[in-house]
Amino acid sequence: MIFNEEYETLPREALEALQLKRLKQVVQRVYHTVGFYRRAFDEAGVQPDDIRTLDDLRRLPFTAKQDLQANYPFGLFAVPMSSIVRLHASSGTTGRATVVGYTQRDIDTWSELMARCLVAAGLTKNDILHNAYAYGLFTGGLGIHYGAERMGASVIPMSGGNTKRQLMILQDFGPTALCCTPSYALNLAEEGKVLGIDMRALRLRVGIFGAEPWSEKMRAEIENALGITALNIYGLSEIMGPGVSMECQEGRNGMHIFEDHFLVETINPDTGEVLLPGEKGEMVFTTIMKEAFPLIRFRTRDISRLLLEPCRCGRTLLRMDRITGRSDDMLIIRGVNVFPSQIEAVLTGIEGLEPHYQLIVERTGNLDTLEIQVEVSERLFSNADEVKVLQNMERRIVNDIKEFLGISARVKLVEPKSLRRFEGKASRVQDRRQL
Ligand code: DLL
């Protein structure tokens, strides 16, 4: 089934005509309402009237996450605050957080695109959807919730955490669809098994998983453990939240991008050069329908490629492959986006620590773990006959990391000068997860 038959199956020519019309409008609008874009376009020597074809998109400058941070919190909004009905933010409360706003029409659009995703996964009004994405500033919970209501499924607003309760609801309410991160799906399966629940015998038949990288191997594991079809959903707060692209149950290979709302380009992350369709690189999106927070050529830092073969589901929308990496150092730990620089900011704010640290990320069972190894200063170390001093310090770091970044870490204080030093670019992260 296709939620919006007309727009999801447009012939390429009609789609491109629509895209061009919408692109011209959004470029005019941001130029006249957002100081940042006016300056950026002027600097690049391009005016809204210069956009005559879709290829002219390339003449516009990129927008980076740093631009969002520099205009924190609302500086890039293209409408007055009175027109904003919802705010969300990407995870991380220090430095790197980005805030996004929606008008009522943006919420309606997002709900429709999420409804398209759920219908692409085979959901109908008769389905019950267990939504275990976190509700709150994170876009996952509410984004999926509104989409489910829009297409008419019964949504259970579980939110994240409390696995035992989740398992109880899964048994008692009999949901037919599950939304959460892929690692949490495996975690649910594992915990269920421990409690003696036959997870394959639940009514679940389909799962919609995303918000973190996963693999075909994980897909097979989840499908086997839960007896379901597992599909991939992609999105990011800046562009909208979940629902930028979604795998269909017929194709199960790559996610259809809602190109009537988002223009996609693939670029070489080092040079910014636009690559040919199908070549692997960094995905760049331009929103052509958003009112409150339009983004022109936003660099996602996500590495993927476009899949050009037509899909048997009948949608004409291009697909993108799984995300295979990032062109920056962002980590996603238990669904929370974390930059090493955010951890560094917390560590350097604590007296008695040296700016030498290592981050070790592993997956134990199905859960991500983060260990922070950090050197203590000579002074603290020589005063540290009392084990208590070091223990207190460790506890403080754990608390600060939890408070500022929302993630649980293990902290190991190490002797001064004991961690590896780097001659060139420091490589402070060891990501040992094998997905
Ligand atoms: O994770 C939105 C979302 C919610 C997507 C629920 C899917 C489901 P952010 O917190 O802003 O938004 O994080 C966005 O997560 O740039 C990718 O690096 C990563 N990501 C999202 N979906 C996938 C996926 C939400 N399917 C960042 N595969 C993005 C791999 C993904 N990585």
Side-chain angles (χ1 to χ4, degrees), residues 64-65 68-69 87-93 96-100 102 110 113-114 116-118 120-121 129 131-148 158-160 177-185 207-216 218-219 222 230-247 252-258 262 264 269 282-285 293 295 298-305 319-339 342 368 405-407 431 433 435:
K65 208 176 173 83
L68 273 55
Q69 287 153 3
L87 295 164
H88 279 285
S90 77
S91 36
T93 44
R96 298 272 190 161
T98 51
V99 182
V100 296
Y102 305 77
W110 187 14
L113 297 190
M114 266 312 311
R116 290 188 192 179
C117 294
L118 299 175
L129 174 66
N131 185 13
Y133 280 115
Y135 283 63
L137 283 177
F138 177 59
T139 52
L142 283 167
I144 284 170
H145 185 103
Y146 274 60
M158 268 316 287
S159 198
L178 171 67
C179 284
C180 59
T181 57
S183 56
Y184 193 62
I208 297 157
F209 306 115
E212 65 181 12
W214 57 311
S215 59
E216 285 305 314
M218 280 180 75
R219 169 153 32 205
I222 295 172
L231 299 171
N232 199 359
I233 183 167
Y234 170 82
L236 58 166
S237 330
E238 292 88 345
I239 296 301
M240 186 179 74
V244 172
S245 63
M246 170 74 201
E247 236 169 22
R252 280 169 51 84
N253 175 23
M255 301 168 279
H256 290 283
I257 302 165
F258 297 118
F262 312 113
V264 59
E282 181 183 327
M283 309 302 285
V284 170
F285 288 100
F293 188 58
L295 276 177
F298 181 69
R299 293 192 56 169
T300 63
R301 298 287 176 179
D302 289 320
I303 305 293
S304 180
R305 71 191 170 100
R319 286 173 292 168
M320 58 187 261
D321 205 352
R322 271 185 192 290
I323 305 293
T324 53
R326 299 261 317 164
S327 67
D328 64 5
D329 55 359
M330 187 179 93
L331 297 162
I332 304 184
I333 298 175
R334 293 199 193 187
V336 179
N337 303 354
V338 183
F339 288 92
Q342 290 177 299
D368 296 331
L405 305 178
I407 51 170
D431 194 340
R433 288 176 290 192
L435 303 182

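As the structure is a computational prediction, the values presented were derived from the model and not from experiment. Indexing begins at 1, ligand by ligand and atom by atom, following the structure's order.
- Heavy-atom proximity to Gly235, at under 4.0 Å, picks out these atoms of ligand 1: 2 (C), 5 (C), 12 (O), 14 (C), 21 (C), 22 (N), 25 (C), 29 (C).
- In this structure, the side chain of Thr139 does not engage the main chain of Ser237 through any donor-acceptor pair within 3.5 Å.
- Atom numbering of ligand 1 starts at 1 in the shown order; those under 4.0 Å from a heavy atom of Pro242 are 2 (C), 3 (C), 4 (C), 5 (C), 6 (C), 7 (C), 8 (C).
- Checked against salt bridge (Lys or Arg N to Asp or Glu O under 4.0 Å), Arg219 has the following partners two or more places apart in sequence or in another chain: Glu216, Glu247.
- An N or O contact shorter than 3.5 Å links Ala211 to ligand 1 by distance.
- Considering backbone and side-chain N/O atoms, Asp302 comes within less than 3.5 Å of an N/O atom of ligand 1.
- Not one N or O of Thr300 is nearer than 3.5 Å to an N or O of ligand 1, by distance alone.
- Other residues, nucleotides and ligands place no more than 12 heavy atoms under 6.0 Å from the OH atom of Tyr146.
- The closest heavy-atom contact to atom 32 (N) of ligand 1, among the options Met330, Met255, Met320, Glu212, comes from Glu212.
- Atoms of ligand 1 found under 4.0 Å from any heavy atom of Ile332, numbered from 1 in the order shown, are 15 (O), 18 (O), 19 (C).
- Residue contact check: Arg326 has heavy atoms under 4.0 Å from atoms 16 (O), 18 (O) of ligand 1.
- Shown in contact with Asn232 at under 4.0 Å from a heavy atom are these atoms of ligand 1, numbered in order with element: 24 (C), 26 (N).
- Taking the side chain as every heavy atom from C-beta outward, Phe209 and Asn232 never approach each other to under 4.5 Å.
- For atom 14 (C) of ligand 1, the choice among Leu231, Ile303, Leu236, Leu137 with the nearest heavy atom turns out to be Leu236.
- Distance alone, capped at 3.5 Å, places no donor-acceptor pair between the Ser304 side chain and the Met320 backbone.
- In this structure, Arg322 does not count as a contact residue of ligand 1, since none of its heavy atoms falls inside 4.0 Å of the ligand.
- Once rounded to the nearest 0.5 Å, the distance linking CZ of Phe339 with CE of Met330 reads 5.5 Å.
- Ring centroids of His88 and Phe138 are separated by 6.0 Å or more, keeping the two rings apart.
- Between Glu282 and Thr300, the shortest heavy-atom contact is OE2-N, 3.6 Å.
- In terms of polar-atom proximity, Ile233 is counted as a contact of ligand 1, with an N or O under 3.5 Å from an N or O of the ligand.
- Checking only distances, Ser237 does come within under 3.5 Å of ligand 1, N or O to N or O.
- Residue Asn337 has at least one N or O atom closer than 3.5 Å to an N or O atom of ligand 1.
- Near Ile323, meaning under 4.0 Å from any of its heavy atoms, are these atoms of ligand 1: 28 (N), 30 (C), 32 (N).
- In summary, the side chains of Ser183 and Glu212 do present a donor paired with an acceptor at a separation below 3.5 Å, with no hydrogens or angles considered.
- Scanning for salt bridge (Lys or Arg N to Asp or Glu O under 4.0 Å) contacts around Asp368 gives Arg363, Arg433, with sequence neighbours left out.
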